Participant: 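Pasting in a structure now, in structure tokens, and then I'll have a few things to ask.
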Amino acid sequence: MPIIAPSLLSANFLQLQDDCDLLNQSEADWFHLDVMDGSFVPNISFGIPVIAQIRKATQKVCDVHLMIQHPELLTEAFHKAGADILTVHYEACVHLHRNIQQIKGLGMKAGVAINPHTPVQLLKPILPDIDLVCVMSVNPGFGGQQFIPGTLAKIRELHQLIQETGSSALIEIDGGVTLENAAAIIAAGAHVLVAGNTVFKSADPVATIALLKRI
Ligand code: DX5
Ligand code: ZN
């Protein structure tokens, strides 16, 4: 069964406690928390103080996706705020290996995200060191966008690369995941489905999570 990681970017920020309770009562495995800086991506979402509050509202894994420049400056702060998994963007890290060591040194799991134009082969040297690859299936910055179909081929290629390198990294797919395309994403080799709009804009988010879990 896939790991389901609803993205709180699509939650109701005026009733965040309610949406946290909803996820706690659901079969969601992780809370996916999208942090944007207005520089790496053309949008700003939420940051450390909000994540610290969400941390108090759940026992589930907090999967923090940093869409920011210079993540190394805030790694410790995100750790203190309660991140369990910290994912940085390949495109934002000049010293990616050092960033990964820093994240793991603090006891968190380390993830690397790649934009739609970034080839999976670039991850080969780093795969044995990381716990998760987040393959962006939309251009990061906004919820509710359309899944880019070429992502399926990238997932298959990454799946093979992970096996070749003996890595135990999980493959997470982020952006435009729906009840319609989830089966193809899993069949291609993904382990984790992030879903924002599909969950929070549905009539019954708990039931939608249950459906995604059973795909
Ligand atoms: C996009 C974020 C995603 C986004 C997914 O930049 O990283 O996590 O919230 O939202 P949906 O599922 O609506 O595409
Ligand atoms: Zn995300």
Side-chain angles (χ1 to χ4, degrees), residues 2-13 16 19-20 22-23 26 28-47 50-51 54 60-69 71 74 78 83-93 103 108-118 130-152 154-155 170-186 190-203 205 208-209 211-213 215:
I3 292 169
I4 307 301
S7 166
L8 274 287
L9 188 62
S10 301
N12 178 355
F13 292 158
L16 213 39
D19 281 345
C20 289
L22 181 154
L23 293 188
S26 78
D29 300 281
W30 297 355
F31 280 37
H32 185 82
L33 304 171
D34 288 302
V35 179
M36 305 178 185
D37 66 354
S39 170
F40 180 68
V41 288
N43 197 8
I44 295 176
S45 53
F46 50 78
V50 173
I51 291 177
I54 293 172
K60 296 197 184 196
V61 168
C62 284
D63 169 35
V64 177
H65 176 193
L66 297 183
M67 286 161 274
I68 66 173
Q69 308 278 8
L74 294 167
F78 281 107
D84 298 298
I85 305 170
L86 201 61
T87 295
V88 295
H89 262 265
Y90 179 88
E91 303 82 5
C93 295
I103 293 167
M108 294 180 282
K109 297 216 184 272
V112 174
I114 52 169
N115 281 336
H117 74 272
T118 302
I130 61 179
D131 302 292
L132 177 129
V133 177
C134 176
V135 179
M136 292 307 303
S137 36
V138 299
N139 287 295
F142 305 91
Q145 302 181 79
Q146 288 278 314
F147 183 86
I148 299 171
T151 310
L152 291 176
K154 286 181 80 175
I155 301 169
L170 297 175
I171 302 177
E172 174 178 72
I173 305 307
D174 188 4
V177 174
T178 64
L179 288 170
E180 289 70 39
N181 63 20
I185 294 168
I186 300 295
H191 309 100
V192 186
L193 298 177
V194 174
N197 268 29
T198 291
V199 167
F200 286 104
K201 306 295 177 217
S202 75
T208 301
I209 291 165
L211 288 173
L212 284 170
K213 191 80 193 160
I215 273 181

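Being a predicted model, the structure only gives us computed values, none of them experimental. Any value given below was found using the heavy atoms of this structure, including those in side chains, with hydrogens, waters and symmetry copies removed. First listed ligand is number 1; within each ligand, the first listed atom is number 1.
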Participant: Tell me: protein heavy atom nearest atom 9 (O) of ligand 1, and distance?
Facilitator: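 Checked against all protein heavy atoms, atom 9 (O) of ligand 1 sits closest to Ser7 OG, 3.0 Å.
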Participant: So does Gln69 get a backbone contact from the side chain of Asp37, meaning a donor-acceptor N/O pair under 3.5 Å?
Facilitator: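 Yes; at least one donor-acceptor contact below 3.5 Å.
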Participant: Tell me how many protein N, O or S atoms are within a distance shorter than 2.8 Å of the Zn ion (ligand 2).
Facilitator: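 If we list every protein N, O or S atom nearer than 2.8 Å to the Zn ion (ligand 2), we get 4.
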Participant: Starting from atom 12 (O) of ligand 1, locate the nearest protein heavy atom and write down its residue, its atom name and how far away it is, to 0.1 Å.
Facilitator: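 Looking only at protein heavy atoms, the one closest to atom 12 (O) of ligand 1 is Gly196 N, 2.7 Å.
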Participant: Taking Ser45 for the side chain and Met36 for the main chain, is one N or O donor matched with an acceptor at less than 3.5 Å?
Facilitator: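 Looks like yes, one N/O pair under 3.5 Å.
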Participant: Counting only pairs under 3.5 Å, give me each side-chain donor-acceptor contact of residues 3-10, with atom names and distances, residues two or more places apart or in other chains.
Facilitator:
unit_1: Ser7; atom_1: OG; unit_2: Leu9; atom_2: N; d: 3.2
unit_1: Ser7; atom_1: OG; unit_2: Asp34; atom_2: OD2; d: 2.7
unit_1: Ser10; atom_1: OG; unit_2: Asn197; atom_2: N; d: 3.3
unit_1: Ser10; atom_1: OG; unit_2: Asn197; atom_2: OD1; d: 2.9

Participant: Quick one: look up the protein heavy atom nearest atom 10 (O) of ligand 1 and list residue, atom name and how far away it is.
Facilitator: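 Checked against all protein heavy atoms, atom 10 (O) of ligand 1 sits closest to Gly143 CA, 3.6 Å.
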Participant: Quick one: which of Leu193, Thr208, Val177 gives a side-chain contact (heavy atoms from CB on, under 4.5 Å) with Thr198?
Facilitator: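 The side-chain contact (heavy atoms from CB on, under 4.5 Å) with Thr198 is passed solely by Thr208 among Leu193, Thr208, Val177.
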Participant: Got the closest protein heavy atom to atom 6 (O) of ligand 1, with its distance?
Facilitator: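 For atom 6 (O) of ligand 1, the nearest protein heavy atom comes out as Gly141 N, 2.7 Å.
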Participant: Just by modelled atom types, is the Asn139 backbone N or O under 3.5 Å from a matching donor or acceptor in the Gln145 side chain?
Facilitator: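 Side chain of Gln145 to backbone of Asn139: a pair is present.
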Participant: Might you work through the side-chain contact (heavy atoms from CB on, under 4.5 Å) test for Leu179 and Ile215, ending with a clear yes or no?
Facilitator: CA-CA 8 Å; Leu179 288 170; Ile215 273 181; 4.3 Å; yes
Participant: For the pair Lys201 (side chain) and Gly144 (backbone), establish whether a donor and an acceptor sit closer than 3.5 Å, ignoring hydrogens and angles.
Facilitator: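 No, Lys201 side chain to Gly144 backbone: no donor-acceptor pair under 3.5 Å.
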Participant: Between the side chain of Asp63 and the main-chain N/O of Ile85, is any donor-acceptor distance below 3.5 Å?
Facilitator: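 No: the side chain of Asp63 does not pair with the backbone of Ile85.
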Participant: Have Thr118 and Asn115 got a donor and an acceptor in their side chains that come within less than 3.5 Å?
Facilitator: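 The criterion, which ignores hydrogens and geometry beyond distance, is not satisfied for Asn115 and Thr118.
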Participant: For ligand 1, which atoms sit closer than 4.0 Å to a heavy atom of Asn197?
Facilitator: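 Contacts of ligand 1 toward Asn197, numbered from 1: 11 (P), 12 (O), 13 (O).
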Participant: Could you establish whether Thr198 and ligand 1 come within less than 4.0 Å of each other, counting only heavy atoms on the residue side?
Facilitator: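 No heavy atom of Thr198 comes that close to ligand 1.
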Participant: With rounding to the nearest 0.5 Å, note down the distance linking CG in Asp174 to CE in Met67.
Facilitator: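 Asp174 CG to Met67 CE: 6.5 Å, rounded to 0.5 Å.
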Participant: Check whether Lys109 reaches the backbone of Leu86 with its side chain - one donor and one acceptor, N or O, closer than 3.5 Å.
Facilitator: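 Not confirmed, Lys109 side chain does not pair with Leu86 backbone.
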Participant: Show which atoms of ligand 1 fall inside a sub-4.0 Å distance from at least one heavy-atom site of Pro140.
Facilitator: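 Selected atoms, number and element: 6 (O).
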Participant: Which protein heavy atom lies closest to atom 5 (C) of ligand 1, and at what distance to 0.1 Å?
Facilitator: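 The protein heavy atom lying closest is Asp174 OD1, 3.6 Å.
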Participant: State the atoms of ligand 1, each with its element, that fall below the 4.0 Å cut-off from a heavy-atom position in His32.
Facilitator: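 Atoms satisfying the 4.0 Å criterion: 8 (O).
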Participant: Students often mix this up, so state it plainly: with edges at 30° and 60°, are the rings of His89 and His65 parallel, tilted or perpendicular?
Facilitator: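 Answer is parallel, since the angle falls under 30°.
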Participant: Which of the numbered atoms in ligand 1 are below 4.0 angstrom from a heavy atom of Ala195?
Facilitator: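 Within the 4.0 Å cut-off of Ala195, ligand 1 contributes 12 (O).
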Participant: Carefully, step by step, assess Val50 and Phe13 under the rule side-chain contact (heavy atoms from CB on, under 4.5 Å).
Facilitator: CA-CA 10 Å; Val50 173; Phe13 292 158; over 6 Å; no
Participant: Tell me whether ligand 1 is touched by Met36 - counting only heavy atoms on the residue side and a distance under 4.0 Å.
Facilitator: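 Contact check Met36 vs ligand 1: positive.
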Participant: Does Ala28 offer a backbone N or O that forms a donor-acceptor pair with the side chain of Lys60 under 3.5 Å?
Facilitator: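 Confirmed, Lys60 side chain pairs with Ala28 backbone.
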Participant: Please confirm whether Val194 comes within less than 3.5 Å of ligand 1 when only nitrogen or oxygen atoms on both sides are compared.
Facilitator: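 Looking only at distances, the answer is no, because the N/O contact criterion of under 3.5 Å is not met.
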Participant: With atoms numbered from 1 as shown, which atoms in ligand 1 lie under 4.0 angstrom from a non-hydrogen atom of Met136?
Facilitator: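 Counting from 1, the qualifying ligand atoms are 7 (O).
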Participant: Should Gly176 be counted as touching ligand 1, given the test is an N or O pair under 3.5 Å?
Facilitator: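 Yes.
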Participant: Provide the number and element of each atom of ligand 1 under 4.0 Å from a heavy atom of Asp34.
Facilitator: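 The list of qualifying atoms is 2 (C), 3 (C), 4 (C), 7 (O), 8 (O), 9 (O).
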Participant: So which bit of Leu9 gets within less than 4.0 Å of ligand 1, heavy atoms only: side chain, backbone, both or neither?
Facilitator: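 Side chain only.
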Participant: Are any side-chain N or O atoms of Lys154 and backbone N or O atoms of Pro116, one a donor and one an acceptor, separated by less than 3.5 Å?
Facilitator: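 Yes; at least one donor-acceptor contact below 3.5 Å.
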Participant: Under 4.0 Å from any heavy atom of Gly175, which atoms of ligand 1 are there?
Facilitator: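 That gives atoms 14 (O) of ligand 1.
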Participant: Please could you name the atoms of ligand 1 that His65 approaches to less than 4.0 Å, counting only its heavy atoms?
Facilitator: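 Those of ligand 1 that fall under 4.0 Å from His65 are 7 (O).
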Participant: Considering only the protein, which heavy-atom contact is closest to atom 1 (C) of ligand 1, and what is its distance?
Facilitator: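 The answer is Phe142 O, 3.5 Å.
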